[in-house]
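The structure appears right after this line, and notes come after that.
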Amino acid sequence: MNRELEHLLRTEAPQVLGALVRRFGRFDIAEDAVQEALLTAGRTWPVEGVPENPRSWLIRVGYRRMVDLLRSDQARHRRELRAGAADLAMQEPGRQAHPAAGSDDSLTLLLLCCHPALDPTSQVALTLRAVGGLTTAEIAHAHGTTEPTMGARISRAKQRLACAGARFTPPTDADRDSRMTAVMRVLYLIFNEGYTATAGDRLARVDLTREAIRLTRMLHATLADDAEVTGLLALMLLTESRRAARTDGGDLVPLDEQDRARWDRDLIDEGTALIDGVWNRGRTGPYQLQAAIAAVHSAAAAPDRTDWAQIAMLYVWLERLTPTAPVQLSRVVAVAHAYGPARGLALLDDLNRRHHLDRHPLTRQREHAVRAHLLQMTGDTARAAALYRQAAGLTANQVEQRYLLGKAGGLS
């Protein structure tokens, strides 16, 4: 499947899912029907061509598959009652299959996936699947668990939504507030998976970063006074501003070697204005802190003019709010740049003793790469080369692999 078609299907999937859930009121079965419609499109469109109205085509195919699934489902215990509920749902004026022209179901679907009947991890996983279009393997990697475990969690989440009678309607203001933490975490994970893909021959997946930014803009338009939503949007824009400079001829370019003239100044100006507008306006949250760190990087005209001491202090603050393994490892990098590689290695050793960053599924690969870089800075090139090779073996992203193996080869 070519990338344009893949992007089209990923864009349309939430809209088709929203249409089917609105019509039948059954998220659990609708998600399966949409996946089958997408598979059908992936097989037929490259041969027969993309239809004039792709969304209507997908809804029509998904509708037929939905009817088949509901009919087969009636053989189970109490399916007659559920089928009757689905029939009643179809008769409700607000549950037409086709959304109004120009409407976007993504945000409503996002909030449905973050239903309070689900635990936070299930909310994130289900939304990444239904709205972000990530595979079960990608979601598992984002959570540091196995694919079978995550698949079972997603299946249970859909069943809980069905049992809770969750409907495709916008939540109340109070309900929306209770779901917002999960919603922001979902968007953050979608963006991160897009910015550095779990696997494949591309460093980034632009379709995912763009979708995360689009949905976060929608949140911000609705909740412009929410400082954390603003901070999340600022973080994404400031990070995305460096995308064009992150690769050269398909090879990874680290931050300190990037051509800063290729950074997107419009995104930097917008992101900086957003974080400046909410900084120190009440309680500062983790997304604001990460946006502030990104803004410090963006303000440096050259790598040697980066205020690493300020970044290290911001990471101390961030670690107090969210003491996660990725944040702790990022603080090691900042400390090493601000105060030297020996101090960075000492901090890394201490964190490994207390938190085992070298064994944590979210930091194991990067811990090897960071330690290799710090050892290289101290002149221990033999150990550094060995660790670069180990780090390369722990990632399925081919761009990262080439970069790390290249670093190891340069030290041999």
Side-chain angles (χ1 to χ4, degrees), residues 10-35 37-38 55 58-59 62-63 66 69-70 82 85-86 88-90 92-100 103-134 136 139 150 153-190 208 211-212 214-223 226 229 232:
R10 188 184 296 277
T11 301
E12 294 297 341
Q15 312 304 324
V16 178
L17 181 56
L20 295 182
V21 175
R22 182 190 292 105
R23 179 78 180 257
F24 293 96
R26 290 290 303 277
F27 180 93
D28 54 334
I29 295 179
E31 208 264 345
D32 292 334
V34 170
Q35 291 301 316
L38 295 175
R55 186 177 303 176
L58 289 165
I59 290 174
Y63 175 89
M66 186 83 180
L69 290 170
L70 283 170
R82 291 194 177 187
L88 289 174
M90 287 191 286
E92 294 181 19
R95 289 182 177 271
Q96 298 85 11
H98 291 270
S103 67
D104 191 324
D105 283 333
S106 298
L107 188 55
T108 303
L109 184 60
L110 184 67
L111 290 164
L112 174 66
C113 291
C114 295
H115 193 278
L118 304 177
D119 63 83
T121 303
S122 295
Q123 291 173 341
V124 171
L126 186 59
T127 308
L128 288 172
R129 169 81 173 177
V131 186
L134 273 68
T136 304
I139 300 168
M150 185 52 64
R153 180 178 288 277
I154 291 172
S155 179
R156 288 195 300 269
K158 291 191 287 185
Q159 293 169 9
R160 287 195 191 101
L161 280 183
C163 293
R167 293 192 171 191
F168 192 78
T169 53
T172 63
D173 289 341
D175 195 19
R176 182 185 297 110
D177 290 343
S178 69
R179 300 188 202 179
M180 201 50 58
T181 298
V183 168
M184 287 192 289
R185 184 169 177 237
V186 164
L187 297 176
Y188 179 73
L189 287 172
I190 293 173
L208 290 184
E211 180 67 6
R214 183 183 73 83
L215 289 171
T216 306
R217 285 191 185 279
M218 291 172 60
L219 275 184
H220 184 253
T222 305
L223 301 167
D226 189 303
V229 172
L232 178 60

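The first residue of the sequence shown is numbered 1, and numbering continues consecutively from there.
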Fill in: Closest approach of Cys114 to Gln123 (non-hydrogen atoms, all atoms of both residues)
O-NE2, 3.2 Å

Practice prompt. Supply the atom-to-atom distance Lys158 NZ to Ser122 OG, rounded to the nearest 0.5 angstrom.
Written response: 12.5 Å

Item to complete: Quick one: which residue pairs count as a salt bridge (Lys or Arg N to Asp or Glu O under 4.0 Å) with a foot in residues 122-134, not counting sequence neighbours?
Response: Glu31-Arg129

Item to complete: State, to 0.1 Å, how close Leu109 and Leu17 come at their nearest heavy-atom pair, and which atoms those are.
Response: CD2-CD2, 3.7 Å

Fill in: Closest approach of Arg160 to Ala117 (non-hydrogen atoms, all atoms of both residues)
CD-O, 4.0 Å

Fill in: Residues Arg153, Asp119: salt bridge by 4.0 Å N-O rule
yes

Worksheet entry | Distance in Å, Ile190 CD1 paired with Leu128 CG, rounded so as to fall on 0.5 Å steps | 5.0 Å

Discussion item. Side chains of Leu110 and Leu187, heavy atoms from C-beta outward: is any pair under 4.5 Å?
Written reply: yes

Discussion item. How long is the straight-line distance from CG of Leu208 back to CG of Leu189, given to the nearest 0.5 Å?
Written reply: 11.5 Å

Worksheet item: Looking at side-chain heavy atoms only, is the closest gap between Met180 and Leu219 below 4.5 Å?
Response: yes

Worksheet item: Heavy atoms, side chains only, cut-off 4.5 Å: are Thr127 and Arg185 in contact?
Response: no

Worksheet item: Side chains of Thr216 and His220: closer than 4.5 Å at any heavy-atom pair?
Response: no

Fill in: Separation between OG1 of Thr136 and CD1 of Ile154, rounded to the nearest 0.5 Å
4.5 Å

Worksheet item: Closest heavy-atom contact between Ala30 and Val21?
Response: CB-CG2, 3.7 Å

Discussion item. Which heavy atom of Leu38 sits nearest to which heavy atom of Ala13, and what is that distance?
Written reply: CD1-CB, 3.9 Å

Practice prompt. Carefully, step by step, assess Leu112 and Phe27 under the rule side-chain contact (heavy atoms from CB on, under 4.5 Å).
Written response: CA-CA 9 Å; Leu112 174 66; Phe27 180 93; 3.8 Å; yes

Item to complete: Output all residues satisfying side-chain contact (heavy atoms from CB on, under 4.5 Å) with Glu211, sequence neighbours left out; order by chain, then residue number.
Response: Ser106, Arg214, Leu215

Discussion item. As an exercise, state the distance from SG of Cys113 to CG of Leu118, rounded to the nearest 0.5 Å.
Written reply: 8.0 Å

Worksheet item: If you take all heavy atoms of Val124 and Val186, which pair is closest and at what distance?
Response: CA-CG2, 3.4 Å

